[in-house]
Colleague: 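Handing you this structure, nothing more for now.
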Amino acid sequence: MIVVIGSPVGRLDDDVLRAGGTASRVALAAAGLGRIVQLVGVIGDDPTADGVILDLARGGVGHVALLRDPGRATPLQPVTPDAIDDTDPDASVPVPASPGPALEAADVELGLRYLTDFAVVVLAEPVDAETIAVVATAARWGEARMILVVGGGAAVPDGLPADVVVFESPPDDPDGAFADLVGAFAAALDEGTEAGEAFRSSIASDGWTEAGSA
């Protein structure tokens, strides 16, 4: 089983509410490759959250460890300019909800209590050092492979498992290509594929090629 950690948001796709955010898209990519996936994070208790959870369920992503916070509005990704029909005078852009609080170590620790049998854990969004430490401890305890996503230019923290795999996220991922890559890599690891081969197979699945040696 793969555990993906990160809070989902809503996104509109042709006026259909879907699960958005890197964590959701990583989880959906891995589930789409036939793996068992659970998502750990925090979401609101509102209609947007209901739509996000339904979309995750349709995509085969479990949410038993997704905490619902009635005091938090589920963020909604704004529609991109290309998606707006400027020929329609009635067309409007939904106002995105104010971002909720960042995922905290206590949220992750509580969510992981529901999930004890996993082979891969993906920390899919940049978080603080305390949260990273919680995930690293869970990975060691469960003898799971840890995948860490860090922000561009961010330093890799100390105290991680020796076999951790670190991805640096791009400034933006509008088409989900980066999330798909991480999800495919996690799925390959979960199948028992060696890390180097898992990476090569995941980039090949999106039509990417590995850079040659200098």
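Everything numeric in this text was worked out from a predicted model, so none of it was measured. Computed over heavy atoms, backbone and side chain alike; hydrogens, waters and symmetry mates excluded. Numbers here simply count residues along the sequence, with the first being 1.
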Colleague: Which atoms form the tightest heavy-atom contact between Ala30 and Gly183, and what is the distance?
Modeller: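 Looking at all heavy atoms of both residues, the closest pair is CB-O, 3.6 Å.
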Colleague: So Ile132 and Met146, side-chain contact (heavy atoms from CB on, under 4.5 Å) or not? Walk me through it.
Modeller: CA-CA 10 Å; Ile132 293 174; Met146 178 178 175; 4.2 Å; yes
Colleague: Only one of Ile43, Val37, Val61 clears side chain to side chain contact (heavy atoms under 4.5 Å, CB included) with Leu56; which?
Modeller: Val61
Colleague: Quick one: does any side-chain atom of Asp190 pair with a main-chain N or O of Met1 as donor and acceptor, under 3.5 Å?
Modeller: yes
Colleague: More than 12 non-hydrogen atoms from neighbouring residues, nucleotides or ligands closer than 6.0 Å to CG on Asp15, yes or no?
Modeller: no
Colleague: Please check if the side chain of Glu168 supplies one atom and the backbone of Ala154 the other of a donor-acceptor pair under 3.5 Å.
Modeller: no
Colleague: When rounded to the nearest 0.5 angstrom, what distance separates OG1 in Thr131 from CG in Leu123?
Modeller: 7.5 Å
Colleague: Kindly say whether Leu103 contributes a backbone atom to a donor-acceptor pair with the side chain of Ser7 at under 3.5 angstrom?
Modeller: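 A pair under 3.5 Å: no.
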Colleague: Minimum heavy-atom separation for Gly6 and Leu39, please, with both atom names.
Modeller: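 Here Gly6 and Leu39 meet closest at O-CD1, 3.7 Å.
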Colleague: When you compare the side chain of Val9 with that of Ser24, does any pair of heavy atoms fall below 4.5 Å?
Modeller: no
Colleague: Tell me whether Asp163 at atom CG has more than 12 heavy atoms from other residues, nucleotides or ligands lying less than 6.0 Å away.
Modeller: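 Yes, enclosed.
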Colleague: Quick check: do Pro8 and Ile53 have side-chain heavy atoms less than 4.5 Å from each other?
Modeller: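 No. Closest side-chain heavy atoms not under 4.5 Å.
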Colleague: Do the side chain of Arg11 and the main chain of Ala19 share a donor and acceptor less than 3.5 angstrom apart?
Modeller: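 Yes, Arg11 side chain to Ala19 backbone: donor-acceptor pair under 3.5 Å.
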Colleague: side-chain contact (heavy atoms from CB on, under 4.5 Å) between Val42 and Arg72: does it pass, once the steps are laid out?
Modeller: CA-CA 9 Å; Val42 181; Arg72 171 184 178 168; 3.3 Å; yes
Colleague: Any donor and acceptor pair, going by atom type alone, linking the side chain of Asp46 with main-chain N or O of Ala49 inside 3.5 Å?
Modeller: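 Yes: the side chain of Asp46 pairs with the backbone of Ala49.
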Colleague: Would you sort out whether Asp55 and Leu17 count as a side-chain contact (heavy atoms from CB on, under 4.5 Å), showing the intermediate values?
Modeller: CA-CA 8 Å; Asp55 190 50; Leu17 180 61; over 6 Å; no
Colleague: How close do Pro70 and Asp45 get, counting heavy atoms only, and between which atoms?
Modeller: CA-CB, 3.8 Å
Colleague: Report yes or no: does Gln38 contribute a side-chain atom to a donor-acceptor pair with the main-chain N or O of His63 at less than 3.5 Å?
Modeller: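 Yes; at least one donor-acceptor contact below 3.5 Å.
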Colleague: Does the Asp69 side chain pair with the main chain of Gly44, one donor and one acceptor, at a distance under 3.5 Å?
Modeller: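 Absent.
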Colleague: Establish whether Tyr114 and Val134 are linked, either directly or via other cluster members, by ILVMFWY side-chain heavy-atom contacts under 4.5 Å.
Modeller: yes
Colleague: Other residues, nucleotides and ligands only: do more than 12 of their heavy atoms fall within 6.0 Å of CD on Glu194?
Modeller: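 Yes - once you tally the heavy atoms of other residues, nucleotides and ligands closer than 6.0 Å, there are more than 12.
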Colleague: Could you tell me if the side chain of Ile147 sits less than 4.5 Å from the side chain of Phe185, heavy atoms only?
Modeller: yes
Colleague: Is a donor on one side and an acceptor on the other found under 3.5 Å between the side chain of Asp173 and the backbone of Ala177?
Modeller: yes
Colleague: With the side chain counted from C-beta on, respond yes when Thr22 and Glu125 share a heavy-atom pair under 4.5 Å apart, and no when they do not.
Modeller: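 When only atoms from C-beta onward are counted, Glu125 and Thr22 do not touch, as no gap falls below 4.5 Å.
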Colleague: Using a cut-off of 6.0 Å, state whether more than 12 heavy atoms not belonging to Ile36 lie near its atom CD1.
Modeller: no
Colleague: Over 60° means perpendicular and under 30° means parallel, so tell me whether Phe167 and Phe199 are parallel, tilted or perpendicular.
Modeller: tilted
Colleague: Side-chain contact test, heavy atoms from C-beta onward, threshold under 4.5 Å: evaluate it for Arg18 versus Val52 and give yes or no.
Modeller: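 Side chain of Arg18 against side chain of Val52, heavy atoms only: no contact under 4.5 Å found.
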Colleague: Nearest heavy-atom pair of Gly111 and Ala65: which atoms, and what distance?
Modeller: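 For Gly111 versus Ala65, the nearest heavy atoms are O-CB, 3.3 Å.
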Colleague: If you define the side chain from C-beta out and look only at heavy atoms, does anything of Glu109 sit under 4.5 Å from Glu130?
Modeller: no
Colleague: With side chains defined as the heavy atoms from C-beta onward, is the minimum distance between Thr74 and Asp50 less than 4.5 Å?
Modeller: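 No. Closest side-chain heavy atoms not under 4.5 Å.
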Colleague: For Val121, which of Val40, Val135, Val4 qualifies under side chain to side chain contact (heavy atoms under 4.5 Å, CB included)?
Modeller: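 Going through Val40, Val135, Val4 one by one, the side chain to side chain contact (heavy atoms under 4.5 Å, CB included) with Val121 is satisfied by Val135 alone.
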Colleague: So, Thr193 side chain and Leu189 main chain: donor-acceptor pair closer than 3.5 Å or not?
Modeller: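 Such a contact is absent between Thr193 side chain and Leu189 backbone.
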Colleague: In terms of hydrophobic clusters joined by side-chain contacts under 4.5 Å, are Val3 and Val64 together?
Modeller: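 Val3 and Val64: one cluster.
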Colleague: Going from CZ on Arg145 to CD1 on Ile2, what distance comes out if it is rounded to the nearest 0.5 angstrom?
Modeller: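 The distance works out to 12.5 Å.
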Colleague: Between Ala186 and Val122, what is the shortest heavy-atom contact and its length?
Modeller: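 Shortest heavy-atom separation between Ala186 and Val122 comes out as CB-CG2, 3.9 Å.
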Colleague: Out of curiosity, Asp180 CG to Leu28 CG, how far, rounded to the nearest 0.5 Å?
Modeller: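 That separation rounds to 9.5 Å.
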Colleague: Would you name the heavy atoms of Ala184 and Leu33 that are closest together and state the gap between them?
Modeller: CA-CD1, 3.7 Å
Colleague: Return yes if some donor-acceptor pair links the side-chain N/O of Glu104 with the main-chain N/O of Asp107 below 3.5 Å, else return no.
Modeller: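 No; judged by distance alone, with no hydrogens or angles, the pair does not exist.
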Colleague: Does any part of the side chain of Pro157, heavy atoms only, come nearer than 4.5 Å to the side chain of Leu148, both counted from C-beta?
Modeller: yes
